[in-house]
Amino acid sequence: MFQEIEAKLAETVERTLREKFGLKLKVSLEQPKQSSFGELSIPIAFQLARQLRKAPRQIAEELAAPLTHVREVAAVEIAGNGYINVRLQRGAYAASLVKGSGVPREQTGSAQKIIVEHTNINPNKAAHIGHLRNAVLGDTFARMLRRRGRYVEVQNYIDNTGVQVADVVVGFHFLQKKSPVDVKAMLDDPQIRFDYFCWDLYARTSAYYGENPEALGWRAETLHAIEADEGDLAELGHIVADAIVQAHLKTMYRLGIEYDLLPRESEILHLQFWATAFELLKERKAIYFEEAGKNKGCWVMPASAFRSTAQDSDEGAESEEDSKVIVRSNGTVTYVGKDIAYQLWKFGLLGKDFFYRRWSQYPDGHEVWVTTDQPSPNESPAFGRGAKVFNVIDSRQSYLQDVVVAGLRALNFPEQADASVHFSYEMVALTPRTCLEMGIALSEEDKRRAYVEVSGRKGLGVKADDLIDKLIETALAEVEDRHPQADPQERRTVAEQIAVGALRYFMLKFTRNSVIAFDFHEALSFEGETGPYAQYAAVRAEQILRQYVERGGVMPDFEKVLTQEVLDRHLETEDLWQLLWLASKADSAVERAISSGEPAHVAKYAFQLAQEFNAFYHDYRVIGEKNTERQAVLLWLTRYAREQLLGTFQVLGIDQPPYM
RNA sequence: GGGGGCGUAGCUCAGUUGGAUAGAGCAUCAGCCUUCUAAGCUGAGGGUCACAGGUUCGAUCCCUGUCGCCCCUACCA
């Protein structure tokens, strides 16, 4: 409803501009700084002032006149030097919401597929909080797109043949002398938390390399075996990667995060995606063979392809220094090269496809598929062939992502290059205080920093499952305290919902390019701008509606009782109108978050709506209201605000507990 | 050296293509629970939007410079 009005007003002004001034302009509306100025504001007169050589106020007046004829508009005022402020017919606006609520939203998307790739954790150890930020951001963004009717495919890329997996295999085979049978037995041992075991083993192996550099030969040997897919080392690689992927999926599912497809590096290798891409790159001259210099014998992409500022240096030699090696002099391909091939596949440009098989099924029936290199008898859904691709990858890799996009452009796929989005985000670090709490030794210099970077190689960091467990534990203590008589199993569920709400909100409240300095104290807080705060507001709303009925109240037939005239009368109360107005903007918040690429905007909106509802809760007694007409308004408003809040929760991946 | 990001209240952060009196949360202080659950509500204090120029009717936002912090800049993935 909000967006319809907004569009209608913009169109009206645009039409006036065309007819009166002969101008073709896109008009945008904004929220007035103060609610007393009205519901919507149009600042267009300012930017026209110079062009038309007229006072903004005069222009505003000419544009304002036709707006008064729009049915939903109550009044139009010129304020300040030339703002056009619009006040809406509150009753009419509310009445259409009364009628419309409960009706499914119309789809605004197209059939074009949007691929969102996120999580992408190396399958060699337990997930940590940095991975959570990635997954929560990606998952929320996918939910936002789906809410607005877009067709989304969620992929979680698995690098099961890389150095990180190899290092854990080295740990098992060379350091621990374990056979594939031994390691398989570990998977069945309930005493062993395999992903945690690998976390430590990975750190130990890395440390061993530090003391015994010659051991790096084991890594090379293992990588070679994994690539050839032969022998115990390769088998260990499969066992480790598959088990860890399973662990990651389980961890993410605790937060409600699901995937559609797990594309794996091993298939990219075995199906020779790179060979195909290599031919294409050579054929279209996107890369060239370096004959001399430090990159002699390599296939490289010139720096000019991905450096926008390369033109101001006219020394050709300098740019060669910056060019990116795609194929090493020993003939092996770099990660970026493979990534270009993979990105081509995502757009359906490679001319090759994976084979697929089911990996597992979520409790809700949704299936996850994985790539294979062998045809399978079962039909699989059609994967890939996206029209737009969002790669959720941390900002440290922006250089490599630039190279991938440049590769597409150099291959003469400008459309797909433009449709490749590096959905980047800053890392999650730890506050010095949290490091000390965890027993991580810090230098004096680090202690003075705002945050300290974690290191998976050293085994330093907060494991995702540990954090979730700790959040549940904290929430459970509070729930038990507040509801000593409630069913223990239900309390556990409530605590889990609160923990997930707290964690997801925490990961989303910061904008993407802000480094999160993770602090246990802050993350375990359930007060103020947190998920549980918002959940609490929803619980309160439900409480009102439930208890109203439990105490013998009959839910009014809102459509009949709440006529435009009735609504108009009661919505003169500013608080009530403001709550309604804010609640009606849920979809707009999601749309804005999509266009700006900031899921944080939705989180912020949920908090604001919760805040507004909590104020309402405090100021108005719904059940005790004597005037039945007013009570109907309050009941409906409670229900509507709750609906809008829950809809926003869904986008954020947050549940409303039955009680708190 | 080059590329990118950041600098807003004591702390952590928002600030929607430049617009009306720069906002939250935490922390501090002062109030509010026999009422639909206080994980809440109300109020107070706290700002040279790093600094200096420029563009503009108008700059936290755009441009230039300076200072400070962070990341990237492998024939590692």
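Below, each value reflects all heavy atoms present in this structure, side chains not excepted, and no hydrogens, waters or symmetry copies. We name chains A, B, ... by the order of the sequence lines, and we start the count at 1 in each one.
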C1'-based separation of B/rA50 from B/rC70 [nearest Å]: 16 Å

Where the side chain of A/A79 is concerned, which of B/rG40, B/rC75, B/rA20 is the nearest nucleotide? B/rA20

For the pair made of CG in A/D481 and C1' in B/rU37, what is the distance, rounded to whole Å? 13 Å

Does the structure show A/F37 stacking with B/rA20, if we require the centres to be closer than 5.5 Å and the planes to be within less than 30 degrees of parallel? yes

Checking all strands, does A/R482 fall into the base, sugar-phosphate, or nothing category for heavy-atom contacts under 4.0 angstrom? base

Atom-to-atom span, CD of A/Q34 to P of B/rU21 - whole angstrom: 8 Å

Indicate, yes or no, whether a donor-acceptor pair under 3.5 Å links the base of B/rU16 to the side chain of A/R592. yes

Assess whether a salt bridge exists between A/E598 and A/R592, defined as any Lys/Arg side-chain N lying under 4.0 Å from an Asp/Glu carboxylate O. no

May I ask you to check whether A/W581 and A/F2 place their ring centres under 6.0 Å from each other? yes

Taking atom types as they are modelled, would you say the side chain of A/T334 forms a donor-acceptor pair with the base of B/rA77 within the 3.5 Å cutoff? no

For B/rC71, does the base pair up with any side-chain atom of A/S395 as donor and acceptor (N or O, under 3.5 Å, distance only)? no

Using the side-chain heavy atoms of A/Q611, tell me which of these nucleotides is nearest: B/rC75, B/rC41, B/rA38. B/rC41

Can you find a donor-acceptor pair, distance only, under 3.5 Å between A/N85 side chain and B/rA20 base? yes

May I ask you to check whether A/F613 and A/F616 place their ring centres under 6.0 Å from each other? yes

